[in-house]
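Lettering of chains follows the sequences in order, A, B, ..., and the numbering in each one begins at 1. Keep in mind that what you see is a predicted model, and the values were worked out from it rather than measured.
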Amino acid sequence: MSARQKTLTKSFHIQTYTGGIKMDFKKEVANKISQLVDMELEKIMELIEIPPQSNMGDYAFPCFQFAKTMRKAPNMIAADLAGKFTTDHVVGKVEAAGGYLNFFVNKSEFIKIVLSEVLAKGKDFGVSEEGKGKTVLVEFSSPNIAKPFHIGHLVNTLTGSAIEKIYRHLGYETQRLNHIGDYGTNFGKQIAAYKHWGNDEALEKEPINELLRVYIKFHDEVEKNPSLEDEARQLFKKLEDGDPEMMGLWQKFRDLSIVEFKKLYHEFNIEFDSYNGESFYTDKMGEVVQMLRDKNLLVLSNGAQIVDLEEFGMPPCLILKSDGATIYATRDLAAALYRHRTYNFHKCLYVVGNTQALHFKQIFRVLKQMGFDWSDNMSFVGTSLVKFADRKLATRSGDIIYAKDVLDEAGEKTLEIVEAKNSNLANKADVAKKVAMGAVAYTILKNNKDKDIIFSWEDILSFEGDSGPYVQYTCVRGKSVLRKAGEMPETADYSKLITEEEFALAKLLDSFKASLKEAADRYEPFVITRHVTELAKAYNKFYNTHPIMNAEPDLKAARLHLTKSVCNVIEIGLNMIGIEVPENM
RNA sequence: GUUCUCGUAGCUCAGUAGGAUAGAGCGUUCGCCUCCUAAGCGAAAGGCCGUGGGUUCGAUUCCCGCCGAGAACACCA
């Protein structure tokens, strides 16, 4: 299960070294509190929170829990502590409000440290050591060969890729696994269909369309001619037995399909380390079945071999069908075993549609019953279902929205907008493409995975407000300013940055690290999407009220540094969720 | 039927390891381009956080019931 792990209170944690002292504002505050109250530092760190409004302070310490032991009202305690607190260059001000002790950090000190760090680290800002030496496996995308990518696959692919990139940024070794659906009795049908009606030229040109066309024809024809079913069964048997002709066709379908998939992955900068799918595990299932038998976990039920999971409140896990054939679960068990041996993973994530929650829960439980405690390190990460307002979006229903259609539609609409807004752009097509991809990826990754996505063209092609183009646009404007400013001043006097808007930006730059951690712990890319949006919003506010180019030289330099920092962090975040930023738009 | 997820503004959603006036975007209404890209910014209106209990100094947040929506539940993957 996607265990929602503890998320950290966002802290203004500073990793750069200034004057040899590691700065951590939150810790500084905690240290100071610990001198006043009888409580362990760690406990204090846990209690410290960020006030809901920034004018209340940068950190807050709730005093309610002292009320009982000290036999005093919380607001009295807070007032008392505020009186005893000594301020300095780190914590500039303390206030008691309600039962809270509110702290204000020294703004210019804070801004200085944050901007220095962002600019020094560049694209590596937020990179951490926490994942060093640990391998995280992320299984995602996993389409079926010979079948077109639909919108549901796109959701899954973007989600998995984002999670993988987030973990990679945190220093983990990652393995991107595409468990493609490349095996099963339906390939008998596919081969039969192709042998009857396939066209080699069309296959080379548009493989998936051609394969789908003959597959659909097969289903139409089989109603008139039921013997086709038998033919398909025989061909699948031949394929299983290694018949060269069948193997050749299957291999060709597989290769061409993957080439097609890669085109789409390329649009979002997605790559895989492995395309080992179902076929890869066909010869690895015997061992699993034997192990289950040896451990006396297999039970005969209605002619099939199952693992009983009743004591865990789950339906049984089917291992062998009554005809002795293996099944989905058997393959996933074999894959788990293989992955454990091959990668010795720290975590193995299954980014799969939410509908498969039970299946994976069962798999993990069976592994546990087999004595494999490493199954605790496997997590199911269920992705949103895409539905229409009135009905489920299912492959069989015919109400399919293909990924390609969504991207094409987005591309066309974007090109129109680019034409209207900035018709003298040199590379309109390229810009339109990036913006279109941005709109789609953003919409897919802006919300919690637990919620279904109700498909609407209006939402997915959104270009205003909370949207991909909004964030891209913000970054583009910032970059444009930097370009116009020419050479970046080496140094800048950050003490010139004294407005609320500038301080707010520094806070958001810093808390990006906490958001990264939270996104990883929760397996939730939307945390990044939202953070980047907040940052864009704050920058737009700043941009509209603060002159940069026309500011006096020292201030201009500082604001350019700020602008560069913001663009940098926005771009890091957007890239994680599969969005590129054009130079102009 | 069993299990799981969800129910927050007209719509789409954040928030909640219990805490200070519940936040965004869209939509609606009204402002802002002699100034760095208006795909932008500002303002207004809009909420018994599904419902009834319980625990607590304090519940939108935790627990239980109910109502409503969705999903999964063995020989498909």
Heavy atoms only, 4.0 Å cut-off, all strands: where does [X] land among base, sugar-phosphate and nothing?
{"X": "Pro74(A)", "value": "nothing"}
{"X": "Phe526(A)", "value": "sugar-phosphate"}
{"X": "Lys537(A)", "value": "sugar-phosphate"}
{"X": "His179(A)", "value": "nothing"}
{"X": "Ala60(A)", "value": "base"}
{"X": "Leu358(A)", "value": "sugar-phosphate"}

- [ ] Would you give the length of the straight line joining atom SG of Cys63(A) to atom CE of Met76(A), rounded to the nearest 0.5 angstrom?
- [x] 12.5 Å
Task: Distance, nearest 0.5 Å, that separates CG of Leu333(A) from CD1 of Ile327(A) - done: 11.5 Å
- [ ] Would you please test Tyr59(A) and Lys26(A) for side-chain contact (heavy atoms from CB on, under 4.5 Å) and show each step?
- [x] CA-CA 7 Å; Tyr59(A) 293 105; Lys26(A) 183 176 169 183; 3.8 Å; yes
Task: G40(B) base stacked by Tyr470(A) (centroids within less than 5.5 Å, tilt under 30°) - done: no
Open item on the list: Between the base of A20(B) and the ring of Tyr100(A) - centre-to-centre under 5.5 Å, planes within under 30° - is that a stack?
Closed with: yes
Compare the minimum distances between each of [options] and the side chain of [X], then state the nucleotide with the smallest one.
{"X": "Asn302(A)", "options": "U5(B), C76(B), A74(B)", "answer": "A74(B)"}
{"X": "Asn144(A)", "options": "C26(B), A77(B), A20(B)", "answer": "A77(B)"}
{"X": "Leu385(A)", "options": "A77(B), A71(B), C41(B)", "answer": "A71(B)"}
{"X": "Ile548(A)", "options": "A20(B), C36(B), A24(B)", "answer": "C36(B)"}
{"X": "Lys321(A)", "options": "C41(B), C76(B), G23(B)", "answer": "C76(B)"}
{"X": "Ser301(A)", "options": "A39(B), A74(B), C73(B)", "answer": "A74(B)"}
{"X": "Asp450(A)", "options": "A72(B), U5(B), U8(B)", "answer": "U5(B)"}
{"X": "Pro52(A)", "options": "A39(B), G15(B), A20(B)", "answer": "A20(B)"}
{"X": "Lys421(A)", "options": "G25(B), C75(B), A39(B)", "answer": "A39(B)"}
{"X": "Asn544(A)", "options": "A39(B), A77(B), C41(B)", "answer": "C41(B)"}

Open item on the list: Need the glycosidic conformation of C26(B): syn if within 90° of 0, anti if not. Which one?
Closed with: anti
Rounded to whole Å, please give me the gap between [atom1] in [X] and [atom2] in [N].
{"X": "Asn447(A)", "N": "G15(B)", "atom1": "CG", "atom2": "C1'", "value": "13 Å"}
{"X": "Glu464(A)", "N": "A38(B)", "atom1": "CD", "atom2": "P", "value": "14 Å"}
{"X": "Tyr215(A)", "N": "C76(B)", "atom1": "OH", "atom2": "P", "value": "13 Å"}
{"X": "Asn540(A)", "N": "C41(B)", "atom1": "CG", "atom2": "P", "value": "4 Å"}
{"X": "Asp452(A)", "N": "U5(B)", "atom1": "CG", "atom2": "P", "value": "14 Å"}
{"X": "Glu583(A)", "N": "C36(B)", "atom1": "CD", "atom2": "P", "value": "19 Å"}
{"X": "Asn584(A)", "N": "A39(B)", "atom1": "CG", "atom2": "P", "value": "13 Å"}
{"X": "Met56(A)", "N": "A20(B)", "atom1": "CE", "atom2": "C1'", "value": "5 Å"}

Using Watson-Crick or G-U wobble geometry with both distances under 3.5 Å, which nucleotide pairs with [N]?
{"N": "A71(B)", "result": "U3(B)"}
{"N": "A22(B)", "result": "none"}
{"N": "U16(B)", "result": "none"}
{"N": "G40(B)", "result": "C32(B)"}
{"N": "A45(B)", "result": "none"}
{"N": "U61(B)", "result": "none"}

Task: 5' priority, RNA chain B, between Asn422(A) and Gly98(A) [closest heavy atom] - done: Gly98(A)
Open item on the list: Judged by each residue's nearest nucleotide on RNA chain B, which is more toward the 5′ side, Pro62(A) or Gln356(A)?
Closed with: Pro62(A)
If we take the [atom1] atom in both [N] and [M], what is their distance in whole Å?
{"N": "G54(B)", "M": "U16(B)", "atom1": "P", "answer": "27 Å"}
{"N": "C13(B)", "M": "U56(B)", "atom1": "P", "answer": "36 Å"}
{"N": "G70(B)", "M": "U28(B)", "atom1": "P", "answer": "30 Å"}
{"N": "U5(B)", "M": "A44(B)", "atom1": "P", "answer": "39 Å"}
{"N": "G50(B)", "M": "G7(B)", "atom1": "C1'", "answer": "6 Å"}
{"N": "G53(B)", "M": "G58(B)", "atom1": "P", "answer": "16 Å"}
{"N": "C64(B)", "M": "A72(B)", "atom1": "C1'", "answer": "24 Å"}
{"N": "G46(B)", "M": "A9(B)", "atom1": "C1'", "answer": "6 Å"}

Task: Modelled atom types, side-chain donor and acceptor of Tyr543(A) and Thr474(A), under 3.5 Å - done: no
- [ ] Tell me whether the centres of the aromatic rings in Tyr539(A) and Phe542(A) are closer together than 6.0 Å.
- [x] yes
Task: Close aromatic pair by centroid cut-off 6.0 Å: Tyr350(A) and Phe364(A) - done: yes
Task: Pro148(A) to Leu212(A) - nearest heavy-atom pair and separation - done: CG-CD2, 3.8 Å
Task: Cationic tip of Lys361(A) above Phe312(A) ring, under 6.0 Å, 45° of axis - done: no
Open item on the list: By the definition ring pair (Phe, Tyr, Trp, His ring centres under 6.0 Å), identify the one residue from Tyr281(A), Phe236(A), Phe280(A) that meets it with Tyr183(A).
Closed with: Phe236(A)
Open item on the list: Can you tell me whether the side chain of Asn102(A) and the base of A20(B) have a donor-acceptor pair closer than 3.5 Å?
Closed with: yes
Task: Ser322(A) (side chain) and C75(B) (base): donor-acceptor pair under 3.5 Å - done: yes
